[in-house]
Amino acid sequence: MRYRIKLFGEITIKSRAVRKEMVRCLRTNIRNSLRHLDPRVRVADHWDALEVRPSAHLDDAAHAAIEASLTRISGIQQIQVVEAYPFIDFATTAERLVALWRETLPGRRFRVSVKRRGRHDFGSEDLERYLGSALLEAVPSARVDLHHAEFDVGLELKDQRLLLVSRRLAGLGGYPLGTQGQALALISGGFDSPVAAWRLLRRGLKTHFLFFNLGGPVHEQGVREVTHHLWQQYSASHRVNFISVPFDGVVDEIQRRVPAGLAGVVLKRMMLRAANRVAARARIPALVTGDALAQVSSQSLANLGLIDAVSERPILRPLIASDKQAIIADARRIGTAAHAERLPEYCGVISQRPHVRPGAAQLEAAEAGFDQAVLDAAIAAAQMTRSDRLLESAPVLGEIDEIATPQALAEAGDATVIDIRHPEERDVAPLRLPRGEPLAIPFFELARRAPALPRRRYLLYCDQGVMSRMQALHLADRGLDHFGVYRGEA
């Protein structure tokens with residue numbers, strides 16, 4: 001069994017030199033992606049296609065893995081599964097062809113195309129007419145159309161070896177990875193940013209990843225997992241880098257210095273300032289974000305303009321005109337939705353009532369009191385991990401004390417509840433406890449204030465329990481293992 005690789009349509013209309021370079025790059029990418037499955041795989045170059053020739057000893061499971069990998073390599077329009085048989089005679093060939101096409105051709109127009117090489121006592125047209133008649137006899141509702149066929153029933157005859165396309169698999173399309181340069185994608189682990197990165201990977205852009213850590217090692221591990229998935233599935237032909245910047249100190253400084261309505265936009269501006277400096281060190285010319293116009297207030301046109309104003313590099317936004325449901329559908333398609341569903345969006349809780357149209361002078365005044373040394377320290381503490389090593393240092397997660405209901409909390413007796421929601425969120429929906437009042441420490445201050453609290457049993461509360469669990473794990477990682485979670489369920 002071998003595979004014929006049909007090129008993405010836009011590649012075939014490029015100039016000869018550009019097409020040649022793209023095909024060379026695609027050939028290399030296929031080899032790099034498949035070599036862990038078959039170290040001896042060969043990729044042959046033809047003008048209109050590539051041919052992947054796996055080792056002869058591979059079993060069905062190995063072939064299935066190769067096929068799955070080929071469907072995720074950008075630059076490929078279609079994968080044709082080609083099987084070889086000894087050529088016996090016209091009748092035997094017709095039997096094989098009818099078995100392959102009987103279910104596809106009813107009511108459709110088709111033609112038979114034979115490519116023949118070697119010495120035979122018949123011509124290609126002789127075999128085409130015979131096979132066409134056999135297909136019409138087997139599928140009476142089909143009809144032959146040599147000029148406007150819906151299906152080209154093709155086969156190749158090389159000396160006494162018959163090659164038939166037994167299956168066709170859809171490819172990813174797009175351009176070969178690496179042909180369009182490189183960029184640095186800001187990734188948070190939600191639905192949007194992984195899809196944004198994937199869309200540009202598909203367009204041939206080699207993409208590195210930048211993560212601003214707001215939730216500790218557990219948050220980072222979740223983002224590492226989704227980044228590793230993207231790399232392994234869609235860009236394993238290239239090694240890229242994952243850079244993690246600890247940004248909790250920056251958030252803390254913003255919360256202390258910046259008015260609440262401007263905090264979200266200021267945070268994005270600080271992230272872009274940091275991203276530009278990281279990209280400059282790595283000589284990466286562009287940034288990628290998951291912004292979609294008007295999806296949230298920080299992504300209004302006015303706010304996007306103010307955010308872009310601090311960037312020295314172009315910002316690519318492949319989701320800018322996408323609906324949320326379309327983004328989620330893409331996330332499910334590429335396998336990142338499951339990661340997004342269990343990771344909270346930290347940026348969204350920084351500012352509960354953000355301004356949609358702040359002025360540039362208003363923002364500059366809000367940032368005037370920000371201590372730039374905090375941003376410098378965060379960038380200096382950035383850590384880089386190679387893509388193939390992202391899962392090597394997963395944190396060891398301990399058991400977290402968890403109480404689900406007010407009744408269980410009342411029975412526990414000795415626990416102090418800490419409401420870690422944003423102050424504005426607490427004001428809108430105050431937390432009612434069966435006894436006493438909760439402590440109020442927003443999540444962005446918890447890591448700084450927790451060590452000074454009297455050592456006793458504490459339970460963290462947030463609306464869905466995800467943020468509180470991450471914060472409890474974050475504190476446990478620092479040796480503060482007396483923090484648990486209160487879910488507050490009815």
Side-chain angles (χ1 to χ4, degrees), residues 1-7 9 12 30 34 38 40-71 76-171:
M1 184 183 298
R2 61 185 58 184
Y3 303 96
R4 184 180 295 126
I5 305 302
K6 306 299 288 185
L7 305 176
T12 64
I30 292 172
L34 298 184
D38 180 8
R40 300 179 65 184
V41 68
R42 291 181 297 165
V43 184
D45 187 1
H46 305 289
W47 173 245
D48 62 341
L50 296 173
E51 189 174 273
V52 177
R53 302 171 184 169
S55 301
H57 66 277
L58 297 184
D59 58 17
D60 290 345
H63 277 286
I66 286 174
E67 291 173 15
S69 183
L70 289 172
T71 63
I76 297 176
Q77 185 70 28
Q78 186 184 80
I79 303 101
Q80 298 178 351
V81 183
V82 180
E83 299 192 33
Y85 304 94
F87 176 72
I88 300 173
D89 53 32
F90 280 23
T92 305
T93 302
E95 288 177 12
R96 296 189 187 281
L97 206 63
V98 167
L100 290 175
W101 287 93
R102 187 191 300 273
E103 302 300 322
T104 305
L105 291 183
R108 314 305 285 269
R109 304 186 308 275
F110 75 94
R111 67 169 174 257
V112 178
S113 300
V114 173
K115 292 183 179 180
R116 186 176 57 85
R117 189 172 67 190
R119 298 174 65 88
H120 305 94
D121 58 1
F122 56 85
S124 298
E125 290 185 2
D126 299 326
L127 183 53
E128 288 172 350
R129 283 193 292 268
Y130 183 94
L131 296 175
S133 298
L135 287 169
L136 286 174
E137 183 178 351
V139 189
S141 64
R143 66 188 181 91
V144 173
D145 189 332
L146 299 180
H147 302 291
H148 302 96
E150 296 173 82
F151 293 100
D152 187 356
V153 179
L155 60 87
E156 293 183 34
L157 188 59
K158 295 184 177 180
D159 296 319
Q160 296 305 307
R161 191 170 58 135
L162 177 67
L163 301 177
L164 291 178
V165 176
S166 61
R167 286 178 292 125
R168 288 170 169 81
L169 307 173

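As the structure is a prediction and not an experimental result, all values here were calculated from the model.
Note on R108 versus E150: salt bridge recorded, some NZ/NE/NH1/NH2 to OD/OE distance being below 4.0 Å.
Side-chain contact between K158 and L163 is present, with heavy atoms from C-beta onward closer than 4.5 Å. Counting only heavy atoms from C-beta outward, the side chains of L97 and V153 approach each other to under 4.5 Å. R2 is not listed as a side-chain neighbour of R4, based on a closest heavy-atom distance of 4.5 Å or more. The side-chain heavy atoms of M1 and V81, taken from C-beta on, include a pair separated by under 4.5 Å. Counting heavy atoms from C-beta on, the side chains of V114 and D126 never come closer than 4.5 Å. Looking at heavy atoms from C-beta onward, V41 lies out of side-chain contact with I66 at the 4.5 angstrom threshold. Taking the side chain as every heavy atom from C-beta outward, Q160 and R119 never approach each other to under 4.5 Å. Contact annotation: the side chain of I88 never approaches that of L162 to less than 4.5 Å [non-hydrogen atoms, C-beta and beyond].
In R168, the CZ atom is crowded: over 12 heavy atoms of neighbouring residues, nucleotides or ligands sit closer than 6.0 Å. The number of heavy-atom neighbours closer than 6.0 Å to NE2 of H46, taken from other residues, nucleotides and ligands shown, is above 12.
A pairwise comparison of heavy atoms in G9 and Q77 identifies N-OE1, 3.7 Å as the closest pair. Taking all atoms of both residues into account, the shortest heavy-atom contact from L100 to V165 is CD1-O, 3.7 Å. The two residues S141 and P106 make their nearest non-hydrogen contact at OG-CA, 3.2 Å. In terms of heavy-atom proximity, I79 sits nearest to A170 at CD1-O, 4.0 Å. Nearest heavy atoms, V98 versus A138: CG1-CB, 3.6 Å.
Residue pairs meeting the ring pair (Phe, Tyr, Trp, His ring centres under 6.0 Å) criterion with at least one partner in residues 110-141, sequence neighbours excluded, are F87-F122, F90-F122, F90-Y130, H120-F122. The salt bridge (charged side-chain N to carboxylate O under 4.0 Å, His left out) pairs that include a residue from residues 137-149 are R109-D145, where partners are two or more places apart or lie in different chains. For residues 59-68, the pairs satisfying salt bridge (charged side-chain N to carboxylate O under 4.0 Å, His left out) are E67-R167, with sequence neighbours left out.
For A65, the side-chain contact (heavy atoms from CB on, under 4.5 Å) criterion is met by L37, not counting sequence neighbours. In this view, D152 and R111, S113 satisfy the side-chain contact (heavy atoms from CB on, under 4.5 Å) rule, not counting sequence neighbours. With sequence neighbours left out, E125 forms a salt bridge (Lys or Arg N to Asp or Glu O under 4.0 Å) with R129.
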| request: Could you go through the side-chain contact (heavy atoms from CB on, under 4.5 Å) check for I76 and L7 one step at a time? | output: CA-CA 5 Å; I76 297 176; L7 305 176; over 6 Å; no
| said: For a side-chain contact (heavy atoms from CB on, under 4.5 Å) check, start with the C-alpha distance between Y85 and L164, then their side-chain angles and the critical distance, and finish with the verdict. | reply: CA-CA 8 Å; Y85 304 94; L164 291 178; 4.0 Å; yes
| said: Using the rule given for side-chain contact (heavy atoms from CB on, under 4.5 Å), can you reason through E128 versus L131, listing the C-alpha separation, both sets of side-chain angles and the distance that settles it, and then say yes or no? | reply: CA-CA 5 Å; E128 288 172 350; L131 296 175; over 6 Å; no
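Note: H63 and Y3 have tilted aromatic rings, judged against thresholds of 30 and 60 degrees for the angle between ring planes.
The line from CG of L70 to CG of L169 is 8.5 Å long, rounded to the nearest 0.5 Å. Rounding to the nearest 0.5 Å places NZ of K6 at 9.5 Å from OG1 of T12.
S55 and R40 form no side-chain donor-acceptor contact under 3.5 Å, judged by distance and modelled atom types alone.
Not one N or O on the side chain of D159 forms a donor-acceptor pair closer than 3.5 Å with the backbone of R161.
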